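First comes the structure, then the notes that go with it.
For ligands, and for the atoms within them, numbers begin at 1 and follow the listed sequence. Since the structure is predicted, the reported quantities are computational estimates derived from the model, not experimental observations.
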Amino acid sequence: MLQDRVAQVREVLRRESEAWGRPPKLIAVTKYSTPEEIMPLLDAGVSDIGENRVQAIREKLPYLEGRFSIHLIGRLQSNKVKYIIKDVCMIHSLDHIELAREIDRQAQKAGLRMPVLVQVNIAREPQKGGVTEEDLLPFLRACAAFPGVHVRGLMTMMPLNAEREIISGYFVRMRQLLDQCRQEAVRDTDMTELSMGMSQDYDLAARYGATMVRVGSALFR
Ligand SMILES: *Cc1c(COP(=O)(O)O)cnc(C)c1O
């Protein structure tokens, strides 16, 4: 049952994050799930969900609105920002300045300041989005020019099928990057959130300092 799987994931998160004082927030990734499958999450105490497509958010919104906080976790095209700006609580995939500019424009129009995470391509995979480590600080400084964009931390995705030792190394590096960015104290940023870990590796992410994990298939098998 979904409730049991949520409880199992939560138990792993609690155990692995003991050294950090607080477990990461569980974001249930619902991209393969229908509204009927999503609703029982509420009974399990999960109200944060992740979707990776604008179209899917639009379609499911009538069911989710007012019940769930929706995180946009996938790649976002600038011309689609306007369709979700009022409906998501955070955008996890900011990785180029044109997108920041458009989020700023639409956020200001909607009278809000959009919480975003900067996606880092820590494994330097050519097919993946995200800024490189070297570009991260200049990118954060450039984002500070946009009052409608509130940078709240970093997000990353691991290579598929990588070994656990490799993944652990990337997670450790991401936590270092977050702490470095916080020390740099870039104006108007608030580097406290670290979104990393999926079904295959959320235990490692919790161990190495994630503040949010994005778990789909481990909950909705
Ligand atoms: C699908 C997806 C997830 C969840 O993946 P699972 O392996 O099903 O847990 C997490 N993050 C992003 C960006 C995704 O697209």
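Residues S195 and R214 have side chains that bring a donor and an acceptor to within less than 3.5 angstrom of each other. Looking only at atom types and distance, the side chain of E51 has a donor-acceptor partner in the side chain of T30 under 3.5 Å away.
Here the straight-line distance linking atom CE of M157 with atom CE of M155 works out to 5.5 Å at 0.5 Å rounding. Atoms CD1 and NE2, from I49 and H71 in turn, are 8.5 Å apart once rounded to the nearest 0.5 Å.
Applying the 4.0 Å criterion to heavy atoms of V215 picks out, from ligand 1, the atoms 9 (O). Of all the atoms in ligand 1, the ones that sit under 4.0 Å from a non-hydrogen atom of S199 are 6 (P), 7 (O), 8 (O), 9 (O).
The closest protein non-hydrogen atom to atom 8 (O) of ligand 1 is S217 N, 2.8 Å. Scanning the protein heavy atoms around atom 10 (C) of ligand 1, the nearest turns out to be M198 SD, 3.1 Å. The closest protein non-hydrogen atom to atom 1 (C) of ligand 1 is K31 NZ, 1.4 Å. At the top of the distance list for atom 11 (N) of ligand 1, counting protein heavy atoms only, stands R214 NE, 2.8 Å.
Panel note: side chain E102, backbone L99; no donor-acceptor pair is recorded below 3.5 Å.
For M157, no nitrogen or oxygen atom sits less than 3.5 Å from a nitrogen or oxygen atom of ligand 1, counting backbone and side chain alike.
Heavy-atom neighbours of K25 NZ from other residues, nucleotides or ligands within 6.0 Å: at or below the threshold of 12.
Residue-level proximity to ligand 1 for I73 is carried by backbone and side chain together, each with a heavy atom below 4.0 angstrom. When non-hydrogen atoms are compared, ligand 1 lies under 4.0 Å from neither the backbone nor the side chain of H92.
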Inset, instruction - Go through Q180 and Q176 one step at a time and tell me if the side-chain hydrogen bond (donor to acceptor under 3.5 Å, both in side chains) criterion holds. - result: CA-CA 6 Å; Q180 277 169 16; Q176 288 171 346; 5.4 Å; no

